Structures are given as C-alpha cells and as structure tokens.
Number of protein chains: 2
Amino acid sequence: MARAATTADVFNAVAERRRREILEYLDSGEATVGDIVDRLDIAQPQVSKHLRVLREVELVRSRSAGRHKLYRLNPEALRPVLEWTARFEQLWNERYDRLDAYLDDLQEEERE
Amino acid sequence: MARAATTADVFNAVAERRRREILEYLDSGEATVGDIVDRLDIAQPQVSKHLRVLREVELVRSRSAGRHKLYRLNPEALRPVLEWTARFEQLWNERYDRLDAYLDDLQEEERE
DNA sequence: ACATCATATTCCGATATAGGCATGTGTCAA
DNA sequence: TTGACACATGCCTATATCGGAATATGATGT
C-alpha cells in the first residue's frame, strides 16, 4: 500500500501547500482558474488539477459562466480538521482558556 | 517532483490516519511503543516509523525509561493547523458566532 | 557473556503523487 | 466554420510513501 490518496479526505487534500494557497485565495471570493494562475503563479494545468482534488473533497464548488468557470470556497468541508485539532487545544493552554480567547491573542500578535 | 515528504510539515504528518490515531491515544498521557501497538493494533515497526515522523515534526517527544521509550504529545506543534483552519471559521457560520459556541454545539451533538 | 525483551532500522513491492508538456473539450465571436 | 480563448485531461518522470517481514540496536537480568 502507498500513501493515502490526496482525495481520501480533507486532511490529505489540505496537506499540499499549493492547495492551501488556493483556498486562502478563494477566501476573498469567487475566482476563475485564470485568476488563480495569475495571482499564485502556478501553471494552468496544475491549478486545474489541484482544483479537481479540492472539488472531490468538497472544499470548493464551481459554476460555469460562459467560457470561465468560477470556483468558490466551501469552508464547511474544513470542519473535520478544526474539530480534530481543537480537541487538543486545552493541552497547550494550561489554564484551559476558551478557544476564542486563544484566537483573540493570535489576532493581537498579528497586529504588531 | 513527488508529493511532499510526510515530515515536510505538520499538515503532511497529520494527513495519515494512523498517526492521528496515535496522537489521539497520546492525548491521554505518556505511552510506550508497546502500549500503542496493543491499543491500536498496529504492527510494532509501523508504530516506530510513525512515531519517527511525528517526532521529526515535533508532534511528539520521547524519553527513555529503561528499555522502554515513553512518548508524549506535544500539542503545541498543532498550532499551525489550528491557526490556518480557524481563519476560515467565520465563513461557515453566517452569523459569525464565536468559535467556542460552535464547539459547545459539537459537544452537545456528541452527547446524544 | 548470554538470552530476552523493547524499540529502531532496512529492504521490498505496490501505489500515487506533483510538475512539465502536449493535447483535448467547450464556448464565444466574427 | 474558423480562430481564439478558458479550462480539463493525458502522458511521462522522479520521488516518496505505507505495510510486511527480517534484522539490527539497546537495555536488563542472571
């Protein structure tokens, strides 16, 4: 047996940097394959392939618009990752703070 | 180029089911390689290999105790995953609820 | 020194990837 | 219909995985 398919689940799909970058970009709204190609400087075929993987795990959805295809993020599909990760949250915060407080801290750090 | 190494970052390390299971098990405290073998029913060599990967990305630490080796979770290393995933959180909740409320809901669901 | 227990490493085979490049499919406009 | 544009797919190579089996390393007790 080899490594699990990238389409096996969201964890595998998201393990790839490029795909994470694509998702981050789509965070700002619908985008065309060409938009992604230009913005992230990835060859068009690879973008299409990555989008295929992301579509298979439901991380993105698409709709056709003329000869373009608009891709949009489906963040719901990331739930399993958040859920799984969050179960360990209390462990790295000895005072068992709530997660939102933790996230607030992160935002403050980013501000500096 | 092939797929990124499993030790390339935490995302890749955590993409593997077995490794996630090992981390979940270690959530309950230090454990021996043998403990993991027994509890998760994975062959010993594969457990050692998985632990190697997890160690390389700092997700676990180890200490020797006689002829045993005790592995413990280092949840800090999961931060990048939580941070990255959390940035999309507001998107899957139209009312922009706080994340802790979201988690509370999850707990209730699990209770049933 | 030796046998034993606990863990790590190596070799193997099967599989699947990501990127590069060429090509196919589909849509629009003249 | 033809050409141009947007996107998808196929083929190829290099690489890295996972599991299984065998073996190596390391510590313990006698």
Side-chain angles (χ1 to χ4, degrees), chain A residues 1-23 25-26 29-73, chain B residues 1-23 25-26 29-73:
Chain A
M1 206 179 273
R3 226 209 276 205
T6 56
T7 53
D9 56 38
V10 187
F11 287 91
N12 280 281
V14 155
E16 186 67 18
R17 275 212 174 200
R18 298 302 206 177
R19 283 194 286 266
R20 261 176 279 146
E21 289 174 5
I22 291 175
L23 294 176
Y25 180 54
L26 289 180
E30 265 187 339
T32 273
V33 176
D35 293 339
I36 301 174
V37 169
D38 294 343
R39 177 78 171 193
L40 300 183
D41 199 44
I42 312 177
Q44 178 269 314
Q46 343 297 340
V47 171
S48 283
K49 288 177 197 167
H50 283 314
L51 286 171
R52 184 159 165 47
V53 172
L54 294 174
R55 216 170 35 209
E56 288 194 32
V57 297
E58 303 271 87
L59 273 167
V60 301
R61 301 195 194 291
S62 61
R63 69 183 175 93
S64 297
R67 44 186 151 186
H68 298 171
K69 208 155 184 180
L70 287 166
Y71 281 86
R72 64 179 181 286
L73 188 60
Chain B
M1 205 179 274
R3 228 209 277 204
T6 55
T7 53
D9 56 37
V10 187
F11 286 91
N12 280 282
V14 154
E16 185 68 17
R17 275 211 177 213
R18 296 302 205 177
R19 282 195 286 267
R20 262 176 278 147
E21 289 174 5
I22 290 174
L23 294 176
Y25 181 53
L26 289 179
E30 265 187 342
T32 272
V33 176
D35 292 339
I36 301 174
V37 169
D38 294 343
R39 177 78 172 193
L40 299 184
D41 199 44
I42 311 177
Q44 178 269 314
Q46 342 297 342
V47 171
S48 284
K49 288 177 199 167
H50 283 314
L51 286 172
R52 185 159 165 47
V53 173
L54 294 174
R55 215 171 36 210
E56 288 193 34
V57 296
E58 303 271 86
L59 274 167
V60 301
R61 299 195 195 292
S62 60
R63 70 185 174 91
S64 297
R67 45 188 153 185
H68 298 170
K69 208 156 187 182
L70 287 166
Y71 282 85
R72 65 179 180 288
L73 188 61

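In what follows, chains carry the letters A, B, and so on, assigned in the order in which the sequence lines appear, proteins first and then strands, with residues in each chain numbered from 1. Predicted, not measured: the structure shown is a model, and the values here were computed from it. Keep in mind that the numbers below use all heavy atoms, side chains included, and drop hydrogens, waters and symmetry copies.
- His50(A) and Arg19(A) are linked by a side-chain donor-acceptor pair at a separation below 3.5 angstrom, with hydrogens and angles left out of the test.
- Here salt bridge (Lys or Arg N to Asp or Glu O under 4.0 Å) pairs that include residues 29-49 of chain B, with residues two or more places apart or in two chains, are Glu30(B)-Arg63(B).
- The backbone N or O of Ala15(B) sits nowhere less than 3.5 Å from a side-chain atom of Asn12(B) that would complete a donor-acceptor pair.
- Ion pairing of Arg17(A) with Glu21(A) is absent here, as no side-chain N (NZ or NE/NH1/NH2) approaches a carboxylate O to less than 4.0 Å.
- Across every non-hydrogen atom of Val10(B) and Val57(B), the tightest pair is CG2-O, 4.2 Å.
- Comparing Glu16(B) and His68(A) along DNA chain D, the residue whose closest nucleotide (by nearest heavy atom) sits nearer the 5' end is His68(A).
- For the helix from dA1(C)-dT30(D) to dA30(C)-dT1(D), the terminal axes (five pairs an end, C1' atoms, rotation from four pairs onto the next four) enclose an angle of 10°, given to 10 degrees.
- As judged by a 4.0 angstrom heavy-atom cut-off over every strand, Arg17(A) is placed among residues making no nucleic acid contact.
- Within residues 4-13 of chain B, the residues having any heavy atom closer than 4.0 Å to DNA chain D are, in order of number, Ala5(B), Thr6(B).
- Separating the CD atom of Gln46(A) from the P atom of dC12(D) is a distance of 17 Å, rounded to the nearest angstrom.
- Of the residues in residues 49-65 of chain A, those with a non-hydrogen atom less than 4.0 angstrom from any atom of DNA chain C are Lys49(A), His50(A).
- Listed by residue number, the members of residues 29-40 of chain A with any heavy atom below 4.0 angstrom from DNA chain D are Thr32(A), Val33(A), Gly34(A).
- Along DNA chain C, the stretch of nucleotides lying under 4.0 Å from any heavy atom of chain B spans, 5' to 3', dT4(C) to dA18(C).
- Taking both residues in full, the closest heavy atoms of Arg55(B) and Ser62(B) are given as CD-OG, 3.9 Å, listed atom of the first, atom of the second, then distance.
- Looking only at side-chain heavy atoms (C-beta outward), Arg20(B) and Val14(B) come within less than 4.5 Å of each other.
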